[in-house]
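Because the structure is a prediction, the values reported are computed rather than measured.
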Amino acid sequence: MAVESAMLSRIGLAGLAVMGQNLALNIAEKGFPISVYNRTVAKVDETVARAASEGGLPLFGHRSPQDFVLSISRPRSIVILVKAGAPVDQTIDTLSRYLEPGDAIIDGGNEWYENTERRIREASARGLLYLGMGVSGGEDGARNGPSLMPGGSHQAYDNIENILTRVAAQVDDGPCVTFVGEGGAGNFVKMVHNGIEYGDMQLISEAYDVLRIVGGLSNAELAETFAEWNRGELESFLIEITADIFGVRDEHGDGELVDKILDKTGMKGTGKWTVQQAAELSIAAPTIAASLDSRYLSGLKEEREAAAKTLEQAGISSADFATFRSVDKKRLIDDVRQALYASKICSYAQGMNLLKSKSAEKGWNLNLGELARIWKGGCIIRARFLDRIKKAYERNRGLANLIVDPEFAKEMVQRQAAWRRVVGLAIEAGISTPGMCASLAYFDTYRRARLPANLVQAQRDYFGAHTYERVDRPGSFHTEWSKIARQGRAGTGIRS
């Protein structure tokens, strides 16, 4: 039986799946009495039981939405953690019947930012406040300290700022939470965070593939390598857990579990949204896009198996991967480390530029240095170099791109030789490294003062009269390319 609160709670939370339940317990553990509600009563009872077993935390369960809402002190603040889309609207509709003007709703799910902006308008019409709050860190982060990205009503944020700053992960320069901006800014920032996460995970998987196939590293050696990397410039949550993964034995057979996992990657949509937004804003995000494409291709398991068989019969052998050449294992490991670092910086640079562009379009005035700071703890992409990214934007808030920050520029130049060796080696071996290749191409394209785009513009003007600009005089120009070409051929006697 769920326990009813005898006193009013400081905050409420509706939606007690893994994230909701753990965030509720986190809030209660920090000393804030919290009411919880879930449409499935068993989840309420389970959460109350956990609160009791984890030290008698001030968490109070409710079986009806009315009792739940009325148990919270005014102005009420209610966090909802349910599946994005229609379930959010349904939950808001249910709870709003009992809310009063000045109360606030905080959606903590991975929601499309335009849905949040619509709900802000709908809530405002009812006299309610609204926050769309990105929550990163998974189950462990929710329970012990996530990175929080709230955006929308500043008043709604002010009402619970003291709770959020206690609940969030704590780093050397403060809690991993900040008011991101108005409207759907919080959800948009979380979306881009997830896009960077896609890129990060893809790049790490490519490093693993090169080390495993070209270098012949065993899982034990991979675990040792990633653990060593996690003590240096690559220190991050994803590198840390990767080292752990290689050491987990398969409880149902011999060897390590990682080798028994089907090579098909799942996804929930935020990476796709990130790439779509990059395209709409004309922001290059090739590393993130490559990671999304790789997930799509991973889903074609049966087709890939058939292709491998067909192409092997045609003369390409997978055995060549491991035997095509001998390599210095120690040098390969160091080269891959440098290639991974440089590639990751490109992925973060792309995400930051997407945030900068959207901020300019929407007038959000996003503080990129502060966003890097709140990602230093709690979240999935937390990494040592985020502190350096924060400092780069503090030095120059209008920084055009991370790779031209003086410090990062030096590091990219120092690592480019190793980076090129790894990409070249992978290509020679027939190992796909789309993320590393995309990052390197991004770097090489961005650093060139002149690109072959002049030829593309000539082609566009030739077939579509789209005009072009010149390097030596202002204005737009159009040339009768085919006419001049025909005249030129006639004059020389050359026939097309």
Side-chain angles (χ1 to χ4, degrees), residues 195 199 203 274-294 339 342-361 396 398-406 408-424 426-428 432-496:
L203 293 167
T274 304
V275 173
Q276 289 173 330
Q277 280 293 293
E280 286 192 18
L281 292 163
S282 300
I283 296 296
T287 310
I288 298 171
S291 71
L292 185 65
D293 288 340
S294 294
S343 297
K344 280 162 67 80
I345 294 302
C346 287
S347 183
Y348 280 73
Q350 293 160 30
M352 289 300 191
N353 280 1
L354 177 53
L355 290 173
K356 182 170 64 174
S357 178
K358 194 66 175 183
S359 179
E361 178 191 84
N396 180 5
L399 184 64
N401 193 300
L402 272 178
I403 63 178
V404 295
D405 170 75
F408 282 119
K410 288 179 184 176
E411 293 191 332
M412 300 295 278
V413 171
Q414 290 166 357
R415 286 158 179 76
Q416 67 163 336
W419 197 4
R420 296 181 196 284
R421 283 195 295 270
V422 170
V423 168
I427 291 171
E428 188 179 350
S432 62
T433 52
M436 287 189 182
C437 287
S439 287
L440 182 56
Y442 177 80
F443 173 74
D444 280 339
T445 303
Y446 191 75
R447 72 183 178 82
R448 287 188 62 187
R450 184 166 173 83
L451 295 169
N454 55 315
L455 178 57
V456 176
Q457 280 301 90
Q459 292 169 336
R460 294 179 71 243
D461 190 53
Y462 190 119
F463 65 69
H466 293 296
T467 75
Y468 57 88
E469 295 177 272
R470 296 178 59 104
V471 296
D472 56 353
R473 61 187 67 180
S476 295
F477 299 86
H478 169 60
T479 295
E480 296 291 340
W481 298 91
S482 59
K483 179 180 177 180
I484 296 173
R486 281 196 303 271
Q487 292 171 347
R489 286 193 296 271
T492 59
I494 298 174
R495 297 178 63 185
S496 59

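- Of all the heavy atoms in Val423 and Cys437, the pair that sits closest is CG1-SG, 3.6 Å.
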Where do Tyr442 and Asn401 land on the side chain to side chain contact (heavy atoms under 4.5 Å, CB included) test, with the steps shown first?
-> CA-CA 12 Å; Tyr442 177 80; Asn401 193 300; 2.8 Å; yes
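- Going from atom CD of Glu411 over to atom CG of Leu402 covers 11.0 Å, rounded to the nearest 0.5 Å.
- Lys358 places no side-chain N or O within donor-acceptor distance of the main-chain N or O of Leu281, the cut-off being under 3.5 Å.
- The closest side-chain heavy-atom distance from Tyr468 to Thr479 is below 4.5 Å.
- With rounding to the nearest 0.5 angstrom, the CG atom of Asp405 is 10.0 Å from the NZ atom of Lys410.
- Pairing each heavy atom of Ala342 with each of Arg415, the nearest pair is CB-CB, 4.4 Å.
- Ring pair Tyr462/Trp481 is parallel by interplanar angle, where below 30° counts as parallel and above 60° as perpendicular.
- In plain terms, the two heavy atoms of Trp419 and Met436 that are nearest each other are NE1-O, 3.8 Å.
- Contact detail for Pro286 and Ala438: the closest heavy-atom pair is O-CB, 3.6 Å.
- In this pair, His466 and Phe463 present their aromatic rings perpendicular. The plane angle is above 60°, beyond the 30 to 60° band.
- Atoms CD and OG, on Gln350 and Ser439 in that order, are 6.0 Å from each other to the nearest 0.5 Å.
- Contact annotation: the side chain of Cys346 approaches that of Met412 to within less than 4.5 Å [non-hydrogen atoms, C-beta and beyond].
- Rounded to the nearest 0.5 Å, atoms CG (Leu203) and OG (Ser343) are 5.0 Å apart.
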Could you go step by step and tell me if Thr445 and Leu451 meet the side chain to side chain contact (heavy atoms under 4.5 Å, CB included) rule?
-> CA-CA 7 Å; Thr445 303; Leu451 295 169; 3.8 Å; yes
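- Counting heavy-atom neighbours within 6.0 Å of Glu469 CD, excluding the residue itself, gives a total of 12 or less.
- Nearest heavy atom pair, residue Gly435 against residue Thr287, reads O-CG2, 3.9 Å.
- Atom CZ of Arg486 is separated from atom NZ of Lys483 by 8.5 Å, given to the nearest 0.5 angstrom.
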Residues Phe477, Asp461; criterion side chain to side chain contact (heavy atoms under 4.5 Å, CB included); working and verdict = CA-CA 9 Å; Phe477 299 86; Asp461 190 53; over 6 Å; no
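- For the atom pair Gln416 CD and Arg447 CZ, the distance stands at 6.0 Å (nearest 0.5 Å).
- Between the side chain of Ser291 and the backbone N or O of Ile288 there is at least one donor-acceptor pair closer than 3.5 Å.
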Decide yes or no on side chain to side chain contact (heavy atoms under 4.5 Å, CB included) for Met352 and Leu399, but give the supporting numbers first.
-> CA-CA 10 Å; Met352 289 300 191; Leu399 184 64; over 6 Å; no
